[in-house]
Protein chains: 2
Amino acid sequence: MGKATTSRAGTKGVARPERERQIVDIAGRVFAEHGYAGTSLTAVAEQAGISKPLIYNYFGSKEGLFSACLTCAGEVLVEVIERTARLGLVGQQRVIVTLDQFYAALEPRPWMWRVFRDPTMPATPEITAQHDQYARRMHAVGVEGVRELLHLAGNDDPLDASAMTAAWVNVFDALVNWWIDHPGESRADMTARTIRLSGAVFGPMESAPPTGAALD
Amino acid sequence: MGKATTSRAGTKGVARPERERQIVDIAGRVFAEHGYAGTSLTAVAEQAGISKPLIYNYFGSKEGLFSACLTCAGEVLVEVIERTARLGLVGQQRVIVTLDQFYAALEPRPWMWRVFRDPTMPATPEITAQHDQYARRMHAVGVEGVRELLHLAGNDDPLDASAMTAAWVNVFDALVNWWIDHPGESRADMTARTIRLSGAVFGPMESAPPTGAALD
DNA sequence: CCATGGTAACTTACCCAGAAGTCACTTACT
DNA sequence: AGTAAGTGACTTCTGGGTAAGTTACCATGG
């Protein structure tokens with residue numbers, strides 16, 4: 001017969017790396033929904049079906065857990081934007097292809113975007129430095145495209161380029177969040193929508209950009 | 001001689017309505033900087049030079065205080081966007097004038113925008129309902145302008161209009177936040193910048209829109 | 001084929017700082 | 001004297017973080 005104690009301690013047969021991935025994925029979802037400041041690790045542990053100390057065992061602190069989520073998000077997002085930039089597309093085509101690639105990257109883990117842009121993330125030097133590193137790389141790619149666009153309009157003001165880059169990033173933000181709020185829409189739906197909206201703003205394109213499976 | 005007790009209780013000659021306005025203004029700043037979840041009323045009381053119980057006396061709870069800030073922000077923002085819409089401008093002119101009016105409204109209290117868009121605001125029915133009410137009114141005005149623009153491009157898809165409205169709101173968000181992060185720029189600077197950027201995207205305008213003191 | 005011990009995966013039960021919220025009280029103005 | 005403005009000092013509770021222990025798995029030696 002079993003002991004009188006009904007302790008549920010002991011391994012469940014899940015290896016550390018796999019468990020870490022699972023915790024990061026669930027924590028990312030919760031951070032994205034409530035923000036870093038509004039998230040309690042007790043809630044994360046509950047949703048993951050484990051106990052709080054295991055999180056501390058693996059990640060050291062709440063901030064450490066957030067840092068792991070941020071790394072996951074930052075690596076993916078930077079990779080997408082830098083790879084897309086290397087395609088050498090310009091103007092409208094570049095916008096559409098970049099968004100299409102973002103949708104593809106975010107499809108499995110939409111929380112990454114909101115975690116990366118969480119305004120309540122801890123203001124410690126470590127997190128700030130980590131975020132800045134990714135943000136700078138993304139901003140560099142964005143500002144390069146924007147400067148090109150502004151130059152065509154005869155504008156070389158660096159502050160204008162900075163403001164416009166911020167605006168563009170927020171357009172991405174809006175479309176990604178709109179997508180998260182409309183779970184019925186597939187990635188292909190969103191890309192088609194992006195093309196229609198872009199056409200309404202900039203006018204129609206000369207040639208269709210390469211999207212979807214053509215690049216994945 | 002004074003008593004041995006150096007109690008600092010007693011009125012300071014500030015009437016309740018004035019004190020309430022002052023508390024809302026300071027709380028708004030703190031909420032905007034750290035988010036609702038990251039803000040402690042002790043810190044707010046400290047910055048206001050009063051004690052915490054006075055806040056509870058006047059606002060009942062942390063949520064009540066946030067609600068007061070939200071009311072302040074919502075009323076102002078809705079008023080601006082609805083009043084501007086009534087001017088009957090269209091397209092590029094409408095965008096520029098609306099932004100110009102937003103800058104003017106936010107100049108004295110820039111925190112209003114961030115409080116209105118705080119992702120960590122309490123998820124209680126009261127706050128949610130209050131925020132939704134303002135958000136719906138603003139969205140309605142925005143979607144009307146966007147639908148018109150899309151209709152000119154031969155697009156009447158309501159989901160497209162919804163997504164594009166979200167994108168536009170976030171462009172506003174980006175420019176307002178950019179402004180908050182660049183305190184050296186005056187409202188006139190920002191409006192001039194808006195006009196340059198709008199021209200680069202849409203092409204130059206036929207006639208100059210009425211901005212600045214012309215409408216205030 | 002079984003005991004035995006080492007280790008990795010896990011949990012229960014706790015500590016403690018800080019923040020929400022309250023009570024009884026004090027002071028100043030009219 | 002009455003009332004509005006205001007506070008010090010509490011209670012309560014949540015949430016980050018920890019100490020110490022429990023259970024399962026897996027290697028070895030008999």
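Chain letters run A, B, ... following the sequence lines, proteins first and then strands; every chain starts at 1.
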Using atom [atom1] of [X] as one end and atom [atom2] of [N] as the other, report the distance to the nearest whole Å.
{"X": "His34(A)", "N": "dT14(D)", "atom1": "NE2", "atom2": "C1'", "answer": "16 Å"}
{"X": "Lys62(B)", "N": "dA20(C)", "atom1": "NZ", "atom2": "P", "answer": "5 Å"}
{"X": "Ile23(A)", "N": "dT11(C)", "atom1": "CD1", "atom2": "C1'", "answer": "14 Å"}
{"X": "Leu65(A)", "N": "dG15(D)", "atom1": "CG", "atom2": "C1'", "answer": "15 Å"}
{"X": "Arg8(A)", "N": "dT23(D)", "atom1": "CZ", "atom2": "C1'", "answer": "13 Å"}
{"X": "Arg16(A)", "N": "dT7(C)", "atom1": "CZ", "atom2": "P", "answer": "16 Å"}
{"X": "Tyr36(A)", "N": "dG15(D)", "atom1": "OH", "atom2": "P", "answer": "14 Å"}

**Item:** Toward the 5' end of DNA chain C, by each residue's nearest nucleotide, Ala9(B) or Glu63(B)
**Value:**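 Of the two residues, Glu63(B) wins.
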**Asked** Does Lys12(B) have a side-chain nitrogen or oxygen under 4.0 Å from the phosphate oxygens OP1 or OP2 of dT7(D)?
**Response**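 For Lys12(B), the contact criterion (side-chain N or O under 4.0 Å from OP1 or OP2 of dT7(D)) is met.
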**Message:** Does this structure show an ion pair linking Arg29(A) with Glu33(A), if we count only N-O contacts that are shorter than 4.0 Å?
**Reply:**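 A salt bridge is absent here (no side-chain N lies under 4.0 Å from a carboxylate O).
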**Prompt:** Any sub-3.5 Å donor-acceptor pair from Thr120(B)'s side-chain atoms to Gly35(B)'s backbone N or O?
**Reply:**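 Answer holds: no.
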**Item:** Close residues, residues 39-59 of chain B, relative to DNA chain C [heavy-atom separation under 4.0 Å]
**Value:**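 Close to the strand are Thr39(B), Ser40(B), Leu41(B), Lys52(B), Pro53(B), Tyr56(B).
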**Item:** Spatial distance of atom NE2 (His34(A)) from atom CG (Asp118(A)) [nearest 0.5 Å]
**Value:**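 One gets 12.0 Å once the value is rounded to the nearest 0.5 Å.
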**Message:** To the closest 0.5 Å, what do you measure between CD1 (Ile50(B)) and CZ (Arg8(B))?
**Reply:**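 Going from CD1 on Ile50(B) over to CZ on Arg8(B), the span is 15.0 Å.
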**Request:** Pick out which of Arg187(B), Arg94(B), Arg193(B) makes a salt bridge (Lys or Arg N to Asp or Glu O under 4.0 Å) with Asp100(B).
**Result:**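 Filter result, single survivor: Arg187(B).
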**Request:** Identify the heavy atoms of Val97(A) and Pro210(A) that sit nearest to each other, and give their distance.
**Result:**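 Looks like CG2-O, 3.5 Å.
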